[in-house]
Amino acid sequence: GSRTFSQPVFADSLVINGGTITFDADAAIDSGVLLSGLLTGLGNIALAQTFTWLGGTIDGPGDFNLGVAGTLVITGSAKTLGKDLNVAGTVIWDSGNIALTSGARITTLPTGNFNIQTGADLTGAGPSAFINDGTLTKTDSGTTRIFTTLSSTGATSLLAGVFQIGTFAIFGPTSSLTGAGTLAVIA
């Protein structure tokens with residue numbers, strides 16, 4: 001089924017297993033899981049603790065904000081992200097390709113950590129982007145491909161495997177790149 005919320009929502013837990021949940025006003029969620037279905041709406045969604053994304057789509061014009069104490073686990077099947085994701089806490093991406101649509105951006109803020117533990121793909125077209133102003137770490141021995149605009153002013157640590165990027169990547173003067181992994185630039 002579907003459910004639309006037009007007033008602000010404050011919830012301890014949110015579980016979506018099919019259907020559509022629409023937040024047309026801001027929502028503050030402590031923890032939750034998206035198994036399948038669609039999480040969308042005009043409102044911003046603030047995550048305070050642990051949220052697990054196993055499948056389905058997150059879309060809409062509002063932002064998806066992970067707080068400093070929050071953890072977002074991206075696992076399972078392929079996912080579609082059409083809402084900006086702002087990471088002040090920790091993301092653990094351990095499986096499943098991610099497709100950025102509708103110009104969505106993933107931004108790792110200065111307090112944020114984006115941990116790649118998979119050999120999967122992050123793709124996006126047009127204004128979609130992955131922006132690292134915090135810490136980006138790759139620990140999986142496989143090949144992770146980032147095929148969207150990549151901009152980094154933060155720390156990038158390639159501890160294992162291959163981190164493959166396109167020619168539309170910019171590592172700014174304040175960024176650092178360390179580790180025993182391989183950075184591969186594909187034209």
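Since this is a predicted model, take the numbers as computed values, not measurements. Sequence positions, counted from 1, serve as the residue numbers for this chain.
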Colleague: Count I, L, V, M, F, W, Y as connected when their side-chain heavy atoms are under 4.5 Å apart, and connections chain through other members. Are Phe171 and Ile106 then in the same cluster?
Modeller: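 Yes, one cluster joins them.
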Colleague: Can you name the nearest heavy-atom pair linking Ser152 to Ser175, along with the distance?
Modeller: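 Scanning both residues, the minimum pair turns out to be O-CB, 3.4 Å.
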Colleague: Do Phe10 and Phe5 belong together in a cluster built from hydrophobic side chains that touch within less than 4.5 Å?
Modeller: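 No, separate clusters.
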Colleague: Decide side chain to side chain contact (heavy atoms under 4.5 Å, CB included) for Ile29 and Ile45; before the verdict, give the C-alpha distance in whole Å, the side-chain angles of both, and the deciding distance to 0.1 Å.
Modeller: CA-CA 7 Å; Ile29 310 294; Ile45 301 170; 4.3 Å; yes
Colleague: Between CG of Asp24 and CD of Gln7, what distance do you get to the nearest 0.5 Å?
Modeller: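 Going from CG on Asp24 over to CD on Gln7, the span is 10.5 Å.
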Colleague: Kindly determine whether Asn113 and Leu136 satisfy side chain to side chain contact (heavy atoms under 4.5 Å, CB included), including the steps that lead there.
Modeller: CA-CA 6 Å; Asn113 296 288; Leu136 173 64; over 6 Å; no
Colleague: What's the spacing between Leu183 CG and Leu177 CG if we round to 0.5 Å?
Modeller: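 Atom-to-atom, Leu183:CG and Leu177:CG are 5.5 Å apart.
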Colleague: Determine the sole option in Leu34, Val33, Leu66, Val73 for which the side chain to side chain contact (heavy atoms under 4.5 Å, CB included) test with Phe51 is passed.
Modeller: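 With Phe51 as partner, Leu34, Val33, Leu66, Val73 yield a single side chain to side chain contact (heavy atoms under 4.5 Å, CB included), made by Leu34.
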Colleague: Please name the pair of heavy atoms, one in Ala155 and one in Asn132, separated by the smallest distance, quoted to 0.1 Å.
Modeller: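 Smallest interatomic distance, heavy atoms only, reads O-ND2, 3.2 Å.
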Colleague: Please step through side chain to side chain contact (heavy atoms under 4.5 Å, CB included) for the pair Asn115 and Thr139, ending with a clear verdict.
Modeller: CA-CA 8 Å; Asn115 299 305; Thr139 58; over 6 Å; no
Colleague: Could you tell me whether the side chain of Ser95 and the main chain of Gly76 form a donor-acceptor pair under 3.5 Å?
Modeller: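 Side chain of Ser95 to backbone of Gly76, a donor-acceptor pair under 3.5 Å: yes, one is there.
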Colleague: Does Thr71 reach the side chain of Ile92, with side-chain heavy atoms less than 4.5 Å apart?
Modeller: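 Counting from C-beta outward, Thr71 and Ile92 do come under 4.5 Å.
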Colleague: Identify which one of Leu35, Leu38, Ile58, Leu39 satisfies the side chain to side chain contact (heavy atoms under 4.5 Å, CB included) criterion when paired with Ile16.
Modeller: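 The passing option is Leu39.
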Colleague: What about Ile131 and Leu72, same hydrophobic cluster or not, with Ile/Leu/Val/Met/Phe/Trp/Tyr joined at side-chain heavy-atom distances under 4.5 Å?
Modeller: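 No, because Ile131 and Leu72 fall into different hydrophobic clusters, even though each may have its own neighbours under 4.5 Å.
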Colleague: Whether the side chain of Asn65 engages the backbone of Val87 through a donor-acceptor N/O pair (distance < 3.5 Å, no angle test) should be reported.
Modeller: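 A pair under 3.5 Å: no.
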Colleague: Is the shortest distance from a Lys or Arg side-chain nitrogen in Asp121 or Arg145 to a carboxylate oxygen in the other one below 4.0 Å?
Modeller: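 Salt bridge: yes.
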Colleague: Within the side chain of Asp26, is there an N or O that forms a donor-acceptor pair under 3.5 Å with the backbone of Asn44?
Modeller: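 Yes, the answer is positive, given that a donor and an acceptor are paired below the 3.5 Å cut-off.
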Colleague: Considering all heavy atoms of both residues, which atom of Leu150 and which atom of Ile165 are nearest to each other, and what is their separation?
Modeller: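 Heavy atoms only, the tightest pair is CD2-CG2, 3.6 Å.
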Colleague: Under 4.5 Å between any side-chain heavy atoms of Asn86 and Leu109, yes or no?
Modeller: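 Yes, at least one pair of side-chain atoms sits under 4.5 Å.
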Colleague: Quick one: sort the Trp93 and Phe114 rings into parallel, tilted or perpendicular, breaks at 30° and 60°.
Modeller: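 Ring orientation, 0 to 90° scale: perpendicular.
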Colleague: Please check: side-chain N/O of Lys83 versus main-chain N/O of Gly41, any donor-acceptor pairing under 3.5 Å?
Modeller: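 Confirmed, Lys83 side chain pairs with Gly41 backbone.
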Colleague: Quick check against the 3.5 Å criterion: does Ser36 have a side-chain atom that pairs as donor or acceptor with the backbone of Gly18?
Modeller: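 Answer holds: yes.
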Colleague: What distance do Leu122 atom CG and Ile116 atom CD1 have between them, rounded to the nearest 0.5 Å?
Modeller: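 If I round to the nearest 0.5 Å, the distance is 8.0 Å.
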Colleague: Okay, side chain of Asp84, backbone of Arg105: is any donor-acceptor separation there less than 3.5 Å?
Modeller: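 Yes, the answer is positive, given that a donor and an acceptor are paired below the 3.5 Å cut-off.
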Colleague: Any idea which heavy atoms bring Ser6 and Ala25 closest together, and the distance?
Modeller: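 Distance-wise, the nearest heavy atoms are O-CB, 3.5 Å.
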Colleague: Which heavy atom of Gly103 sits nearest to which heavy atom of Pro127, and what is that distance?
Modeller: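 Closest approach of Gly103 to Pro127, heavy atoms only: CA-CG, 3.7 Å.
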Colleague: Within the distance-only criterion (no hydrogens, no angle test), does the side chain of Thr40 pair as donor or acceptor with the backbone N or O of Asp59 below 3.5 angstrom?
Modeller: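 Side chain of Thr40 to backbone of Asp59: a pair is present.
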Colleague: Just by distance, no angles: are the side chains of Asp94 and Thr118 close enough, under 3.5 Å, to form a donor-acceptor pair?
Modeller: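 Short answer, no.
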Colleague: Out of Leu85, Thr107, Thr108, Leu100, which one pairs with Phe130 under the side chain to side chain contact (heavy atoms under 4.5 Å, CB included) rule?
Modeller: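 Of the listed residues Leu85, Thr107, Thr108, Leu100, the side chain to side chain contact (heavy atoms under 4.5 Å, CB included) partner of Phe130 is Thr108.
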Colleague: Are Val91 and Leu14 connected into the same hydrophobic cluster when the rule is that any two of I, L, V, M, F, W, Y join if their side-chain heavy atoms are below 4.5 Å apart?
Modeller: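 Yes.
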Colleague: Is there a path from Val185 to Phe163 through hydrophobic residues (I, L, V, M, F, W, Y) whose side chains come within less than 4.5 Å of each other?
Modeller: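 They do share one cluster, since a chain of ILVMFWY contacts under 4.5 Å joins Val185 to Phe163.
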Colleague: Can a donor-acceptor pair be found, under 3.5 Å and without considering hydrogens, that links the side chain of Thr111 to the backbone of Ala88?
Modeller: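 Looks like yes, one N/O pair under 3.5 Å.
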Colleague: Applying side chain to side chain contact (heavy atoms under 4.5 Å, CB included), run through Lys138 and Leu159 and close with a yes or a no.
Modeller: CA-CA 6 Å; Lys138 180 179 178 345; Leu159 301 178; over 6 Å; no
Colleague: Tell me, with the steps shown, if Asp133 and Thr153 meet side-chain hydrogen bond (donor to acceptor under 3.5 Å, both in side chains).
Modeller: CA-CA 5 Å; Asp133 294 328; Thr153 60; 2.6 Å; yes
Colleague: If you compare all heavy atoms of Leu81 against all heavy atoms of Ala104, which two are closest, and at what distance to 0.1 Å?
Modeller: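 In terms of heavy atoms, the two residues are closest at O-CB, 3.4 Å.
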Colleague: If we count only N and O atoms by modelled type, under 3.5 Å, do the side chains of Ser31 and Thr50 hold a donor and an acceptor together?
Modeller: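 No, no side-chain donor-acceptor contact under 3.5 Å.
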